[in-house]
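Some notes on the structure that comes next.
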Amino acid sequence: MPTETAVLCDHCGLECPADPYRDNGQTFCCQGCLHVAAILRYAGPVPEPKPTAVREREAALAVPAEERLFHIGGLWCTACSWLIEHTLREHRGIVSAEVFFTSDLLKVRYLPQEFNIHRIPELLSPLGYTVAEFEEGGAQSDDERKDLLLRTGVAVFFWLNVMGFNLAAYLGAFDSMQASARQMLPVLALVLSLPVLFYSARPIYRLAWAGVRSRTLRMETLLALGITTAFGYSTFEGLRGGSHIYFDIACAITALVLVGKSIEQGAKQRAAATITALHRMLPQKARLENGRFATVDQLEPGKLFLVKAGERIPADGIVHKGESQADESLLTGESVPVTKRPGDAVVAGSLNLGGVLTVAVTATGRESTIAQIVGAVEQALASRSDLARNVDRAARWFVPVVIGIAMAVALATGDLLRGITILVIACPCALGLATPLALTAAVSAASRLGVLVRDARVLESVRTIDAVILDKTGTVTEANFALLDYNLDHLAALAAVEAKSEHPLGQAVVDEARRVGLALPACDEVVVHKAAGITGKVNEQAWAIGNPRLITGIPGELLEYAQTAEGRGHTTAFYSCDGIVMGVMVFGSHLRPEAKLLVQGLQSRGVRVLLVSGDSARTTRTVAESLGIVEYYPATTPEEKALIARDLKAKGHRVAVIGDGVNDAPALAHADLGIAMGCGADLAMRAASLTLLHTNLTRVLDAIDLSKRTHAVVMQNLFWAFFYNSLGIGFAAAGLLNPIVAAAAMVLSSLSVIGNSYRLAKG
């Protein structure tokens with residue numbers, strides 16, 4: 001029974017939670033009721049499409065857009081991707097539509113109150129595509145694979161039988177046959193070809209016809225013309241008693257194309273495995289302390305939930321109680337389990353291997369680490385390089401040009417077989433796969449290395465980097481600073497001020513205060529001074545912590561003491577109270593063990609390495625010398641870091657910046673390539689094109705080497721694709737090929753591209 005003060009849902013009549021959903025003056029208990037009511041309210045004819053800018057503004061002002069993932073059947077070439085995206089974007093309520101050609105997936109962002117997502121199959125079916133909502137188990141992919149294998153088997157079986165009947169013609173034995181036998185064999189070949197034409201080749205004809213209806217010439221158009229011409233000409237010749245019958249050619253084209261598509265589909269399923277694995281890592285339910293379950297969407301920051309052994313962690317959080325080990329290998333690429341104790345951070349999607357953990361939520365839904373990784377991987381797989389876009393445009397013009405060449409050659413030579421051969425050999429399957437398949441394989445390889453790629457185009461450009469700017473604190477040194485030397489009498493006030501800071505040094509002060517059991521007093525009027533320090537009021541006293549830019553009038557003995565500490569590689573911070581300098585704090589951190597390997601690896605590849613830091617000149621120089629870096633810039637502000645990157649770019653360098661903090665974000669954004677540490681600030685990771693999901697800096701070298709291999713594979717793929725097409729068209733026009741050899745060559749070109757691309761995935 002609802003309580004006396006309960007608010008009832010305007011849609012279903014049930015009691016609403018404490019914070020109900022509201023829209024258009026109505027109250028709802030859940031998003032489901034809100035969306036159903038909105039759909040009912042807006043039901044009716046779909047209005048004319050609005051301009052993209054207007055639609056995006058509606059998306060920003062209305063209920064947040066939702067996303068849905070679909071599996072597309074019949075996606076045979078990159079022109080299909082363009083056609084689907086263009087068709088869906090014309091409909092009101094669809095914010096965006098992205099087709100992942102290499103994984104047969106479609107991601108749609110839509111406004112549920114303006115667009116019924118269940119209309120997607122209805123909109124795409126007339127174009128010749130089958131649509132099913134994406135399922136983690138991949139049932140729809142299995143059904144399509146089985147259907148394709150059955151059609152391929154039928155085509156191959158009847159092709160071999162038709163080939164037997166046509167063998168006599170190829171051997172010139174028709175002339176010695178009796179008239180009845182000569183008339184019967186073409187009829188038998190015709191009958192055996194019908195299952196191939198009307199069943200096995202049906203997907204080819206369906207897509208070709210859909211292209212005609214949408215006024216788009218596609219690769220299936222070439223294939224359908226070749227099959228139909230061979231079959232029609234052979235039927236005419238056979239029925240009039242002629243000896244030039246090519247039913248086996250029509251069957252061979254169909255069979256070989258389907259064999260190639262079967263192999264290509266397996267490659268696409270392996271490409272989709274990256275997204276599928278990540279989606280499987282997104283838990284939908286969380287076990288609360290009372291043993292009941294709640295959806296992940298219901299979790300709020302600070303709420304506690306339990307994770308038992310063998311369960312995946314449903315949300316980012318901090319361990320509140322318990323000790324265990326977590327397997328974060330699918331997120332970071334590191335196979336070694338990570339120990340988790342109270343105070344340690346855990347990420348959604350990681351697997352709890354040991355005891356029971358009680359975790360306090362820090363982020364859920366779109367803000368969680370795994371959700372951002374899923375989004376980044378999807379974005380990377382969806383992104384197209386400039387080279388790929390140019391190839392796609394060329395492929396769309398390629399088809400009508402080939403049809404024109406085939407018709408011209410057939411008419412000029414009077415040899416229809418040459419025209420058929422040109423249509424078959426010129427099919428641009430390999431051309432469409434050359435770039436996207438290589439980039440997809442590279443994204444997959446990078447994720448296994450623990451490198452998160454936000455844009456696949458980066459994997460083509462990393463190889464060109466010739467200057468790298470390294471941040472010091474938290475990048476080449478470990479982020480967990482320790483406060484080594486301080487005055488205990490001042491620690492509580494200093495920690496109260498630093499509690500408002502996000503700087504690693506500030507966190508070290510707070511951690512030390514908690515370690516010794518100090519209670520932090522209240523602090524207000526806190527101001528963070530960029531690259532200088534922080535100020536605040538504690539018990540009506542004005543405290544300031546920072547470097548000499550902020551703290552002035554430092555006594556000589558304190559300066560000398562600080563310089564000695566900095567000479568050992570330590571970091572120092574002065575502090576004052578009511579304008580009087582009170583002392584200096586000394587912090588210690590260790591160089592990451594792989595930092596020197598990174599510097600040596602970059603330098604051996606001819607890359608210029610610079611170290612920048614907001615720390616003092618003495619400390620920065622000590623760290624630079626220990627790493628073998630000649631160029632270093634101490635006491636730099638975030639703006640100065642970005643300026644260094646811009647100056648290098650102005651001199652013709654291709655610049656990469658590696659950092660982890662909020663103060664690195666401007667430099668990361670201004671660089672040709674930003675690389676963020678996965679343990680760093682969220683703003684830094686958002687500004688970076690690459691993110692290292694763990695602290696192993698040598699993964700940067702792996703990314704550079706992967707980029708070089710990716711570029712080489714893309715160039716090889718394009719060469720072989722153009723080589724097969726250009727050489728094949730020439731041979732076909734000269735009459736040196738027949739359609740069966742042309743079909744086999746077309747399959748071989750696709751196989752060479754697929755095999756070459758997946759060398760990247762294997763490492």
Side-chain angles (χ1 to χ4, degrees), residues 470-513 515-516 518 526-536 538 541-591 595 611-627 629 632-638 640-641 661 663:
L470 286 173
D471 172 57
K472 183 184 80 67
T473 304
T475 302
V476 298
T477 63
E478 294 179 349
N480 53 335
F481 276 88
L483 183 55
L484 304 179
D485 191 7
Y486 59 91
N487 188 322
L488 184 60
D489 295 336
H490 304 151
L491 185 59
L494 296 173
V497 177
E498 291 287 13
K500 309 290 184 179
S501 170
E502 294 183 354
H503 198 281
L505 295 181
Q507 187 59 48
V509 176
V510 175
D511 290 344
E512 182 64 17
R515 189 187 69 80
V516 298
L518 296 178
V526 176
V527 178
V528 176
H529 304 267
K530 287 184 179 181
I534 188 171
T535 57
V538 179
Q541 292 179 314
W543 289 82
I545 309 168
N547 57 36
R549 288 184 177 182
L550 181 65
I551 311 297
T552 57
I554 301 173
E557 61 272 16
L558 281 181
L559 282 173
E560 185 178 346
Y561 178 78
Q563 290 171 356
T564 301
E566 290 167 358
R568 300 191 185 100
H570 296 317
T571 300
T572 61
F574 300 96
Y575 60 91
S576 66
C577 179
D578 290 333
I580 301 174
V581 179
M582 304 293 290
V584 61
M585 293 183 289
V586 178
F587 301 85
S589 65
H590 300 286
L591 286 175
L611 182 70
V612 297
S613 175
D615 221 328
S616 67
R618 191 181 295 270
T619 300
T620 305
R621 182 177 67 248
T622 301
V623 172
E625 290 174 349
S626 64
L627 293 174
I629 298 175
Y632 59 90
Y633 296 84
T636 55
T637 64
E640 289 171 342
K641 290 182 181 180
N663 60 347

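Quick note: residue numbers are just sequence positions, from 1. Side chains are part of it too, since the values below use all heavy atoms of this structure and drop only hydrogens, waters and symmetry mates.
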Heavy atoms of Gly553 and Val581 approach each other most closely as O-CG2, 3.7 Å

What closest approach, in Å, do Ile551 and Ser576 show between heavy atoms, and which atom pair accounts for it? CD1-OG, 3.9 Å

For side chain to side chain contact (heavy atoms under 4.5 Å, CB included), just list the numbers for Thr572 and Thr619, CA-CA rounded to whole Å, side-chain angles, deciding distance to a tenth of an Å, and then say yes or no. CA-CA 9 Å; Thr572 61; Thr619 300; 5.8 Å; no

Mind listing the closest non-hydrogen atom pair of Ser501 and Ile534 along with its distance? CB-CD1, 3.8 Å

Test of understanding: with side chain to side chain contact (heavy atoms under 4.5 Å, CB included), list the residues that count as partners of Asn487, not counting sequence neighbours. Asp489, His490, Tyr575

Give the minimum heavy-atom separation between Leu591 and Ser626, together with the two atoms involved. CD1-OG, 3.3 Å

Minimum-distance pair of heavy atoms, taken over all atoms of Ala617 and Tyr632: O-CE1, 4.4 Å

Keeping the roles fixed (side chain from Arg549, backbone from His529), state whether a donor-acceptor pair exists under 3.5 Å. no

Considering only heavy atoms from C-beta outward, does the side chain of Val586 approach that of Tyr561 to under 4.5 Å? yes

At what distance, to the nearest 0.5 angstrom, does CZ of Phe574 lie from CG of Leu550? 12.0 Å

Distance, nearest 0.5 Å, that separates CG of Leu627 from OG1 of Thr622: 11.0 Å

Got a second to check how far Thr564's OG1 is from His570's NE2, nearest 0.5 Å? 11.0 Å

Distance (rounded to the nearest 0.5 Å) between Glu498 CD and Ile545 CD1: 4.0 Å

Nearest-0.5 Å distance, OG1 of residue Thr620 to CG of residue Leu611: 6.5 Å

Gap between atom OG1 of Thr535 and atom CH2 of Trp543 - 0.5 Å precision: 13.5 Å

Side-chain donor-acceptor pairs under 3.5 Å in residues 506-513, sequence neighbours left out?
from   : atom 1 : to     : atom 2 : distance (Å)
Gln507 : NE2    : Asp511 : OD1    : 2.8
Glu512 : OE1    : Arg515 : NE     : 3.1
Glu512 : OE2    : Tyr486 : OH     : 2.7
Glu512 : OE2    : Arg515 : NE     : 3.4
Glu512 : OE2    : Arg515 : NH2    : 2.7

Under 4.5 Å between any side-chain heavy atoms of Lys641 and Asp471, yes or no? yes

Flag if over 12 foreign heavy atoms under 6.0 Å of CD, Glu560: no

Criterion side chain to side chain contact (heavy atoms under 4.5 Å, CB included) against Met585, the qualifying member of Leu505, Thr571, Leu494: Leu494

Close side-chain approach of Ile629 to Val476, heavy-atom, < 4.5 Å: no

